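Reviewing the structure listed below.
On a predicted model such as this, the values are computed, not experimentally measured, just so you know. Letters A, B, ... are given to chains in the order of the sequence lines, protein chains preceding strands, and every chain is numbered from 1.
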Amino acid sequence: MRWLFSFLVLALLGAVQALSSSGSRLLVVLEELAEKDKYSEFWDDLRGRGYTLSFESPKNDKLSIFKHGERAYDHLILFPPKTKGLGPALTPKLLLEFLKKDGNVLLTLSADHPTPSAIVSLLLELDIHLPSDRNTLVVDHFNYDTVSAGEKHDVLLVPAPKALRADVKNYFEVDGTIAVPRAVGQGLGNATPHLAPILRAGSSAYSYNPKDEAEIVEDPFAVGEQLSLVSAMQARNSARFTVVGSTEMLQNEWFDAKVGAVGGKEQTTTANRAFAAKVSEWTFKETGVLKVGRLQHYLNEGKKNVNESAVGVPEHNPGIYRIKTDVSFTIELSEYTSTHLSPFTPPATDDVQLEFSMLSPFHRLSLTPLAQTANSTIFGTSFVLPDQHGIFNFRVNYKRPFLTSVDEKRQVTVRHFAHDEWPRSWNISAAWVWVGGIWVTVAGWVAFVALWLYSEGVEKGVKKTQ
Amino acid sequence: MRFFRSILPSLLVSGACVVSAASSWGFEDATLTVQSKGAGVGGGLKEKLAVNSPLSKQVTLGATDTLKILLTTTDGKKAKRPHQAFLTVTEQASGLEESFIFSVKDTGKGKVELTQKDLPTPLLLASEPLTASLVIASFGSSTPYKSKAFEITVERDPNAPIAAGEKPVRYGKLEEIHHIFRSDPKSPPKIITLVFTAAVLGALPVLFGVWLTLGANLNHISKALSSAPLSHALFFGSIVALEGIFFLYYTSWNLFQTLPAAGAVGLVAFLSGSRALSEVQERRLAGLR
């Protein structure tokens, strides 16, 4: 049945060029709708990927991101308001509700206006810290654009981001440098694994308050690579929230601006368009999306090799197993990229792992890719069930930065040996003494019966005693 | 989180210093002092720092030491106050760094103080010396300055260990766990078993031998069989058959197969036994036994 469903989805996907895996209704919240023309190339890129855009102002009374308790839109783009906040329809509480209902949000900030406290408190909910004095600007005297910001140094030229860690795939690789004009830097909380920086400032950058610290910076909010210019938050339900520190970097003029680096010989074109595409693709669940196909576990009755066809495999996903038996487990994983499902390959140093656990894992094994179909990779492994009986779970818990979370659990009972599955007494060498004793007794008894029935009395005169 | 230091700006900057086309930031009259709490003014390290020449001597920062740098920032030849005057301390292995701000007056005279308390824990716990660089830059077109100035070795007080702190949760591959099975129950060495089994089995011939010495015999078989052949045959046969049923129950049968068979054989034993045993009684009353 699952095959049929995924085939249907595949057929539907084929109809559009690119489609987010979670819907195409996109709402852009702009305070001054006249400004939307400055970003027309960005809207065209989004429309080309299959989104239907709606533009609203936060002052609009009728604006509501919910309708009858469900989300009215699948994705939100929020531009920084010049006034106090985002209005009554977009309070931090409602935006968090939106995230809880699996909606994705792209929020941009700008250093031109002070950030409203509603946005500061919303980001604080996600453990993203903004400078407490709301007027801030990130500058870098070593990596700025000499063409447009030769004096003020507030247009940063940042190289394309590299992979976050060796075991995480880079979804934001672009060719060239990215111009980040007049950005608000963010600091990411350290405690949560849900936050990841997409674009970090260079090590000589810092954030300061242009009003108070015009002469010399005394107490910068954050410095260097601790400043995150584009940050990503992925909640447990895989809802994505991206904060882009500079609204201007999405404007048409910065999509193909000519910039010159400090000490550089010639001018280069920015890679802002490609980067904006990559960031919006990730935020709106076009990339970094994992899908689970068929999950199968079965008893390995003597067959040591596993094949993916159903023929020749014993009853799959039984509800009960016995301890200390050989069991095989396979799971099918696909990665969805913009238009289609493709086989998922985890990065080189990373593995998908299976946990066989009751209250805590008895086994945690790395799954190896056994086979590939057109759309998916089949990962599997075989192992011996522990010698503890009880209720166990086969659990694949694969959560990684920038990937939707995979948490598949199947519960099975593991029973102990049945009364006739124990080794027989003649197989236990220590028992031979007693087994021998029993049969010696049997032989003695039969001999005694024969003697008693058929013997002639001993010489006369001997008293008949027992 | 991994960081990547970009060395390109500092390389370009040091290159730019050679070209005298634009003015560049720098510093002069820079002194570095390390003083312990309670020690006199004369004690401790005191070095001069110069632009673009890292100190070859290692600077040690102990638990009660204060590292102080005094300098005058210059733009070209003039003493001037920059917007950014930082002392950046970097841990080479992970790339983590923290910057300490100079408090610079209008005249360009700047000062920064650093103690172990100011260093964040990952830098305090570093095993390699930390790299300290001076960053002096500002708005405008003057070339900014960033260059390694010296290296700091953090000398921690062995009596005051610093808790490394809980590592924050990060999603990633976890360690493999393989269940360790309980070992199967083991039997003692077979030779001991065989010795005792032989002892047990040996009791049977001993028993037969003792019976023989006491005058055991089967002399009345012909007499018994001639007077009640069927009964005796059935009776002794059913005794032997019952043992056979026990053997089958031990090896392959279950109780539901055993009980009917035992019942049938028991019935045969009962019916034939009454006749057989009354024949034995006859022989006893005749005085033959």
Side-chain angles (χ1 to χ4, degrees), chain A residues 141-143 150-153 159 162 164-165 167 190-191 193 197 200 202-204 206 215-220 223-225 262-263 324 349-351 353 361-366 386-387 399-401 428-430 432-433 436-437 440 442-444 446-447 449-451 453-458, chain B residues 2-6 9 12 16 81 83-84 86 88 97 99 101 103-104 135 137-141 144 146 168-179 181-182 187-188 190 193 196-197 200-201 203-204 207-208 211 215-221 224 236 239-240 243 246 276 280 288-289:
Chain A
H141 300 299
F142 294 80
N143 303 311
E151 281 295 313
K152 286 207 190 144
H153 303 181
K162 297 208 181 49
L164 181 69
R165 306 193 304 239
D167 59 341
N190 202 26
R200 285 203 184 99
S203 105
S204 46
Y206 60 95
E215 287 299 314
I216 178 163
V217 54
E218 262 142 36
D219 190 15
V223 170
E225 285 173 352
V262 177
K324 286 161 75 157
T349 43
D350 194 17
D351 275 323
Q353 288 178 318
F362 281 67
H363 280 294
R364 189 185 289 130
L365 307 167
S366 294
D387 51 2
K399 296 192 174 90
R400 297 290 184 269
I428 303 172
S429 71
W432 292 344
V433 179
V440 159
V442 165
V446 171
V449 166
L451 280 178
L453 286 173
Y454 307 124
S455 65
E456 183 182 3
V458 190
Chain B
R2 299 260 179 280
F3 292 75
F4 295 93
R5 286 195 72 211
S6 169
L12 287 171
R81 181 158 104 162
H83 195 255
Q84 173 186 28
F86 291 169
T88 308
E97 54 190 17
S99 295
I101 323 295
S103 46
V104 186
V135 181
S138 190
F139 301 107
S141 52
K146 181 173 172 183
V169 174
R170 291 286 180 260
Y171 289 144
K173 184 167 135 174
L174 294 167
E175 266 168 34
E176 284 212 359
I177 297 175
H178 295 273
H179 181 71
F181 288 83
R182 269 171 289 218
S187 292
K190 286 225 174 88
T193 312
F196 285 98
T197 313
V200 164
L201 292 176
L204 199 63
L207 179 70
F208 289 168
W211 278 347
N217 58 75
L218 290 169
N219 296 342
H220 280 180
I221 285 192
F236 192 68
I239 298 281
V240 175
E243 303 304 334
F246 288 152
V280 173
L288 297 171
R289 281 167 69 84

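- Looking only at heavy-atom pairs under 4.5 Å with chain A, the residue among B:Ser138, B:Ala276, B:Pro188, B:Ser99 that has the most is B:Ser138.
- Only the backbone of A:Ala191 comes within contact range of chain B, judged by heavy atoms closer than 4.5 Å.
- The shortest non-hydrogen separation linking A:His141 to B:Ala137 is CB-CB, 3.4 Å.
- Residues B:Lys146 and A:Ser203 come closest through the heavy atom pair NZ-OG, 2.9 Å.
- Closest approach of B:Phe139 to A:Glu151, counting heavy atoms only: CB-O, 3.2 Å.
- In this structure, the portions of A:Val440 lying under 4.5 Å from any heavy atom of chain B include both its backbone and its side chain.
- Both the backbone and the side chain of A:Phe362 come within contact range of chain B, judged by heavy atoms closer than 4.5 Å.
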Dump the intermediate steps for side-chain contact (heavy atoms from CB on, under 4.5 Å) on B:Val280 and A:Tyr454, then the final yes or no.
CA-CA 8 Å; B:Val280 173; A:Tyr454 307 124; over 6 Å; no
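- Taking the salt bridge (Lys or Arg N to Asp or Glu O under 4.0 Å) definition, one finds that A:Lys152 meets it with nothing, sequence neighbours left out.
- B:Leu201 touches chain A through backbone and side chain together, each having a heavy atom under 4.5 Å away.
- Atom OH of A:Tyr206 sits about 4.5 Å away from atom NE2 of B:His83, to the nearest 0.5 Å.
- Among all heavy-atom pairs drawn from A:Arg165 and B:Gly172, the shortest one is NH2-CA, 3.9 Å.
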| task | Run the numbers on A:Glu456 and B:Ile221 for side-chain contact (heavy atoms from CB on, under 4.5 Å), then give the verdict. | result | CA-CA 9 Å; A:Glu456 183 182 3; B:Ile221 285 192; over 6 Å; no
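- The distance from atom CG of B:Asn219 to atom OG of A:Ser455, rounded to the nearest 0.5 Å, is 8.0 Å.
- For the set A:Ala443, A:Pro361, A:Gly444, A:Ser366, the entry with the most heavy-atom pairs within less than 4.5 Å of chain B is A:Ser366.
- Legend: residues meeting ring pair (Phe, Tyr, Trp, His ring centres under 6.0 Å) with B:Phe208, ordered by chain and number and at least two apart, are B:Trp211.
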Item to complete: Given side-chain contact (heavy atoms from CB on, under 4.5 Å), test A:Val223 with B:Phe86 step by step and report yes or no.
Response: CA-CA 10 Å; A:Val223 170; B:Phe86 291 169; 3.9 Å; yes
Should A:Leu365 and B:His178 be marked as a side-chain contact (heavy atoms from CB on, under 4.5 Å) after you check the CA-CA gap, both sets of side-chain angles, and the distance that decides it? CA-CA 8 Å; A:Leu365 307 167; B:His178 295 273; 3.3 Å; yes
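- Here the side chain of A:Glu225 pairs no donor or acceptor atom with the backbone of B:Glu97 at under 3.5 angstrom.
- Residues B:Tyr171 and A:Pro193 approach most closely at CZ-CG, 3.8 Å, considering heavy atoms.
- B:Asn217 and A:Leu451 get closest at one heavy-atom pair: O-CD2, 3.7 Å.
- With a 4.5 angstrom heavy-atom cutoff, B:Val135 touches chain A only via side-chain atoms.
- The candidate from A:Gln353, A:Arg364, A:His153 with the greatest count of non-hydrogen atom pairs under 4.5 Å with chain B is A:Arg364.
- Sparse packing is recorded around CZ of B:Phe196, with 12 or fewer heavy atoms of other residues, nucleotides or ligands lying under 6.0 Å away.
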